[in-house]
Amino acid sequence: QVELVESGGGSVQAGGSLRLSCKANEWTYLRYCISWFRQAPGKEREGVVLRDSSNFPVYADSVKGRFTLSKDDAKKTLYLQMNNLNPDDTGVYYCAAGVRTSWGTCNAPTIENIDYWGQGTQVTVSS
């Protein structure tokens with residue numbers, strides 16, 4: 001059974017930092033490629049940190065140099081360190097799981113290839 005639990009959201013002022021966590025169970029961690037998406041009010045959900053076919057992170061242009069993905073394999077947890085936040089980063093952040101191919105690679109990083117979503121965590125950045 002797939003399990004994804006986000007935490008770490010909150011409210012910060014522009015220029016501040018937050019670290020989000022996405023804890024998965026072992027089943028999910030081993031069999032799925034896990035990405036981060038966000039959805040701002042009134043906007044479509046967009047990829048923040050996606051996975052290429054080799055499961056390496058691919059950062060959206062809007063967050064490059066500010067956001068960093070890391071992981072703790074022992075804890076089955078992914079972390080999204082977000083620095084120098086600005087109001088455009090406001091939204092609900094989701095970790096999302098797409099099943100690996102039979103070769104163990106990741107499918108194209110699109111919403112259509114996401115099989116499961118976490119419950120989301122709110123990030124609010126004030127100016």
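The residues of the chain are indexed from 1 along the displayed sequence.
Applying the side chain to side chain donor-acceptor pair (under 3.5 Å) criterion to K64, with sequence neighbours excluded, gives D61. With sequence neighbours excluded, the residues forming a side-chain contact (heavy atoms from CB on, under 4.5 Å) with V92 are Y94, Q122, listed by chain and number. Not counting sequence neighbours, the partners of Q39 by the side chain to side chain donor-acceptor pair (under 3.5 Å) test are R45. Here D88 pairs with N86 under the side-chain contact (heavy atoms from CB on, under 4.5 Å) rule; sequence neighbours left out. F37 is linked by a ring pair (Phe, Tyr, Trp, His ring centres under 6.0 Å) to W117, counting only residues two or more places apart in sequence or in another chain. For K23, the side-chain contact (heavy atoms from CB on, under 4.5 Å) partners at least two apart in sequence or on another chain are T77. For Y116, the ring pair (Phe, Tyr, Trp, His ring centres under 6.0 Å) test picks out Y32, with sequence neighbours left out.
Alongside V58, the hydrophobic cluster contains no other residue (criterion: ILVMFWY side chains under 4.5 Å). Cluster partners of L30 are absent, since no Ile, Leu, Val, Met, Phe, Trp or Tyr has side-chain heavy atoms less than 4.5 Å from it. If you chain together ILVMFWY residues whose side-chain heavy atoms come under 4.5 Å of each other, V5 ends up in a group of its own.
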Query raised in the report: Please walk me through it: do Y93 and R38 pass side-chain hydrogen bond (donor to acceptor under 3.5 Å, both in side chains)?
Result: CA-CA 4 Å; Y93 283 68; R38 68 185 179 189; 2.9 Å; yes
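A distance of 8.5 Å separates CD of Q1 from OG1 of T28, quoted to the nearest 0.5 Å. To the nearest 0.5 Å, the span separating CG on L85 from OG on S11 amounts to 11.0 Å.
Counted within 6.0 Å of CD on Q13, heavy atoms from surrounding residues, nucleotides or ligands total 12 or fewer; the atom is thus considered open.
Side-chain N or O atoms of R19 include none that pairs as donor or acceptor with a backbone N or O of Q81 at under 3.5 Å. Between the N113 side chain and the A108 main chain, a donor and an acceptor come within less than 3.5 Å of each other. Checking side-chain atoms of T90 against main-chain N and O of T124 turns up no donor-acceptor pair under 3.5 Å.
Applying the side chain to side chain donor-acceptor pair (under 3.5 Å) test to pairs two or more places apart or on separate chains, those with a residue in residues 96-105 are T101-T105.
Between S17 and M82 the shortest side-chain heavy-atom distance does not fall below 4.5 Å. A 4.5 Å side-chain heavy-atom check between L18 and V123 finds at least one atom pair inside the cut-off.
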Report, one line per pair, each donor and acceptor closer than 3.5 Å where one atom sits in a side chain of residues 67-75; sequence neighbours left out.
from: D72; atom 1: OD1; to: A74; atom 2: N; distance (Å): 3.1
from: D72; atom 1: OD1; to: K75; atom 2: N; distance (Å): 3.2
from: D73; atom 1: OD1; to: Y29; atom 2: OH; distance (Å): 2.5

